[in-house]
Amino acid sequence: MQAIKESFLYTIYLNLIAWCSAQWSRSAVVRWFISQRQTPSHGFGDRILAAWRRGFRALGLDRLLEGSIFLHPAIFAGAAVVVAPLLPTMVCLGLVCASFFALCLRLGVSEETPESTPLDKYAVLFAGVYLYAMATSTSRQGSLFPALLTALFVLFFLALTKCSLEKRVRLLVGLMMLTGVLVTAYGVYQMLFPSRFQSAWLDDDMFSDITFRVYSTLENPNVLGEYYLLILPLTGAMILTAGSWKKRLLSGAAFVIMTAGLVLTYSRGCYLGLLFAVMVFLVLMDRRFLILGIVAVVLSPLYLPETVLTRFTSIGDLNDSSTSYRVFIWMGTLEMLKDYWFTGIGPGETAFNTVYPRYAYNAVTAPHSHNLFLQVVCDTGICGLIVLVLALVCYYRMMFTAMHRETDRQAMLFQIAGVAAVSGFLVQSMTDYTFYNYRVLLLFWAVLGLSVLFTRMGTPREETP
């Protein structure tokens with residue numbers, strides 16, 4: 001090893017990497033990307049807040065609500081995030097509404113001024129686009145509930161970032177990790193007793209050795225895999241920032257258990273998403289992991305189970321019914337969007353099935369387009385896609401700016417974990433409509449909110465003009 005480090009080629013390699021890094025960091029695009037400014041929390045919103053508080057005091061509500069649990073929105077917001085994978089959508093909706101209600105009461109009786117973020121306006125715009133799409137839908141009645149639910153779950157991002165959870169964010173992630181273990185335990189129970197559960201989502205001709213795909217509490221193995229993509233990077237940050245070996249071992253055990261759960265979903269898109277999330281996490285933590293990652297991919301046939309390798313190597317094989325099914329749906333959706341690209345057809349499965357069958361290839365029916373970005377255009381037209389892309393660009397700018405200025409290693413690791421989780425989720429979103437399950441939609445925007453809280457955990461370095 002010492003001989004390699006002292007070799008002429010290794011010296012050239014190091015100098016080349018250093019030169020590329022210097023050119024990259026000096027580029028105008030990179031400098032713009034890591035210079036996101038925090039949105040000032042003053043102006044028209046402050047005047048509304050002041051009027052709200054005057055009304056509370058005039059009615060004596062500040063004294064009436066003293067000691068009430070409804071002055072603690074963090075309880076309801078945290079509960080919504082923790083129990084989302086376990087409980088029905090309507091229970092999650094109740095907790096989300098309770099968190100909004102409690103936040104309004106809290107702002108009425110306290111002197112706190114909630115800190116705004118650059119992403120706030122895009123969350124409001126995205127929710128507004130869905131509500132407008134409901135009014136212009138091809139099936140207004142069918143789009144009513146999906147649009148309202150989507151808007152509320154997107155706006156939950158605001159409640160989560162405004163209820164002073166910064167000091168308890170590690171506890172919240174720890175509870176989410178515990179929930180992930182419980183979800184996996186139920187999935188393992190399904191694997192041990194498959195005859196008691198629905199067995200579907202398999203191509204028996206190509207994957208006869210796979211007899212059951214775990215879906216646990218989330219009704220579909222792909223949806224379960226999407227949930228793991230959001231929680232596993234956060235668990236990785238818990239491992240690396242644990243204060244003792246006991247906590248590190250517990251977090252490590254949770255990570256292994258949930259990774260096994262993801263493997264048992266046999267979701268190829270989620271496998272790719274996890275690989276990408278791991279790569280993003282390691283490279284942002286230390287660029288030298290890029291070489292290690294390449295080596296790990298090259299050697300993967302030596303250590304991955306045969307069933308997993310079979311699923312990987314079948315990606316792109318049109319003989320696989322799942323792959324051909326998606327390709328036909330994408331083709332039909334693109335044909336449909338030639339006529340509806342500007343306004344969309346409206347949110348929800350009812351609106352989609354009202355129009356899509358006229359454009360379907362090979363008479364392939366589906367509840368959605370199996371691609372997040374295509375489906376957003378179907379739901380809301382091109383305006384929804386533009387807002388979503390701008391929201392993601394804003395998110396990455398905000399996170400990379402925070403990481404560039406961060407001086408606290410633990411806070412930076414959690415920020416990296418948030419970016420890795422969102423990135424892995426977006427990779428899976430290329431092959432599936434990842435907002436189809438409303439609880440996963442809620443968790444995605446919750447992870448965006450947690451990422452904002454991660455940027456407030458540490459001590460950012462002040463930038464010189």
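All of these numbers come straight from a predicted model, not from anything done at the bench.
- The ring pair (Phe, Tyr, Trp, His ring centres under 6.0 Å) analysis of residues 136-187, with sequence neighbours excluded, yields the pairs Y186-F197.
- Between the CG atom of D379 and the CG atom of L374 there is a distance of 11.0 Å, given to the nearest 0.5 Å.
- In this structure, the side chains of M285 and L240 come closer than 4.5 Å at one or more pairs of heavy atoms.
- Within a 6.0 Å radius of CZ in F373, other residues, nucleotides and ligands contribute more than 12 heavy atoms.
- When the side-chain hydrogen bond (donor to acceptor under 3.5 Å, both in side chains) test is applied to E349, the partners found at least two apart in sequence or on another chain are Y436.
- Of the possible donor and acceptor atoms, none in the side chain of E226 sits under 3.5 Å from a partner among the backbone N and O of V440.
- Using cut-offs of 30° and 60° for the angle between ring planes, the F352 and Y356 rings count as parallel.
- The closest donor-acceptor contact from the side chain of D432 to the backbone of T434 lies at 3.5 Å or more, if one exists at all.
- Applying the ring pair (Phe, Tyr, Trp, His ring centres under 6.0 Å) rule to pairs touching residues 409-433 yields H368-Y433, F414-F454, F425-F444, sequence neighbours excluded.
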inquiry  = For L442 and L93: C-alpha separation, side-chain torsions, deciding distance, then whether side-chain contact (heavy atoms from CB on, under 4.5 Å) applies.
reply    = CA-CA 9 Å; L442 174 65; L93 176 61; over 6 Å; no
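- The local environment of CD1 in I69 is sparse, with at most 12 non-hydrogen atoms from other residues, nucleotides or ligands closer than 6.0 Å.
- Partners of R170 under the salt bridge (Lys or Arg N to Asp or Glu O under 4.0 Å) rule, at least two apart in sequence or in another chain, do not exist in this structure.
- Sorted by first and then second residue, the pairs that involve residues 72-98 and meet ring pair (Phe, Tyr, Trp, His ring centres under 6.0 Å), not counting sequence neighbours, are F70-F76.
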query = What do the steps show when you test R358 against E335 for salt bridge (charged side-chain N to carboxylate O under 4.0 Å, His left out), and what is the final call?
reply = CA-CA 10 Å; R358 301 201 297 267; E335 283 295 319; over 6 Å; no
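- Judged by distance alone, the side chains of Y228 and T259 never bring a donor and an acceptor atom under 3.5 Å apart.
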task = In sequence, state the C-alpha distance, the side-chain angles, and the governing distance for Q375 and S369, and then conclude on side-chain hydrogen bond (donor to acceptor under 3.5 Å, both in side chains).
result = CA-CA 6 Å; Q375 189 63 41; S369 65; 3.0 Å; yes
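- The two residues R140 and A135 come nearest to each other via the heavy atoms NE-O, 2.9 Å.
- Interatomic distance, H404 NE2 to Q415 CD, rounded to the nearest 0.5 Å: 12.5 Å.
- Looking at T455, its side chain does come within 3.5 Å of a backbone N or O of V452 through a donor-acceptor pair.
- The OG atom of S139 lies 7.0 Å from the CD atom of Q141; values are rounded to the nearest 0.5 Å.
- Rounding to the nearest 0.5 Å places CG of L234 at 12.5 Å from CD1 of I416.
- Under the 4.5 Å side-chain criterion, counting only non-hydrogen atoms from C-beta, M403 is in contact with L284.
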Under 3.5 Å, sequence neighbours excluded: what are the donor-acceptor pairs made by side chains of residues 77-90?
none

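- With a 4.5 Å cut-off on side-chain heavy atoms, V419 and Y395 count as touching.
- Side chains of R196 and Y189: a donor on one and an acceptor on the other come within 3.5 Å.
- Geometric assessment of R268 against the ring of Y271 yields a negative cation-pi assignment under the 6.0 Å and 45° thresholds.
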ask   = Where do Y438 and T150 land on the side-chain hydrogen bond (donor to acceptor under 3.5 Å, both in side chains) test, with the steps shown first?
value = CA-CA 7 Å; Y438 293 109; T150 298; 4.9 Å; no
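- For the residue pair R248 and A242, the shortest heavy atom distance occurs at NH2-O, 3.3 Å.
- To the nearest 0.5 Å, atom CG of residue L171 and atom CE of residue M176 are 12.0 Å apart.
- Side-chain atoms of T431 come within 3.5 Å of backbone atoms of Q428 as a donor-acceptor pair (strictly under, hydrogens ignored).
- A side-chain donor from one of S143 and S137 sits under 3.5 Å from a side-chain acceptor of the other.
- Here the side chain of R456 pairs a donor or acceptor atom with the backbone of T161 at under 3.5 angstrom.
- Looking at N437, its side chain never comes within 3.5 Å of a backbone N or O of V223 through a donor-acceptor pair.
- In this structure, Y130 has its ring center closer than 6.0 angstrom to the ring center of F126.
- The CD1 atom of I345 sits 11.0 Å away from the OG1 atom of T136 when rounded to the nearest 0.5 Å.
- A donor-acceptor pair shorter than 3.5 Å cannot be found between the side chains of Y215 and N222.
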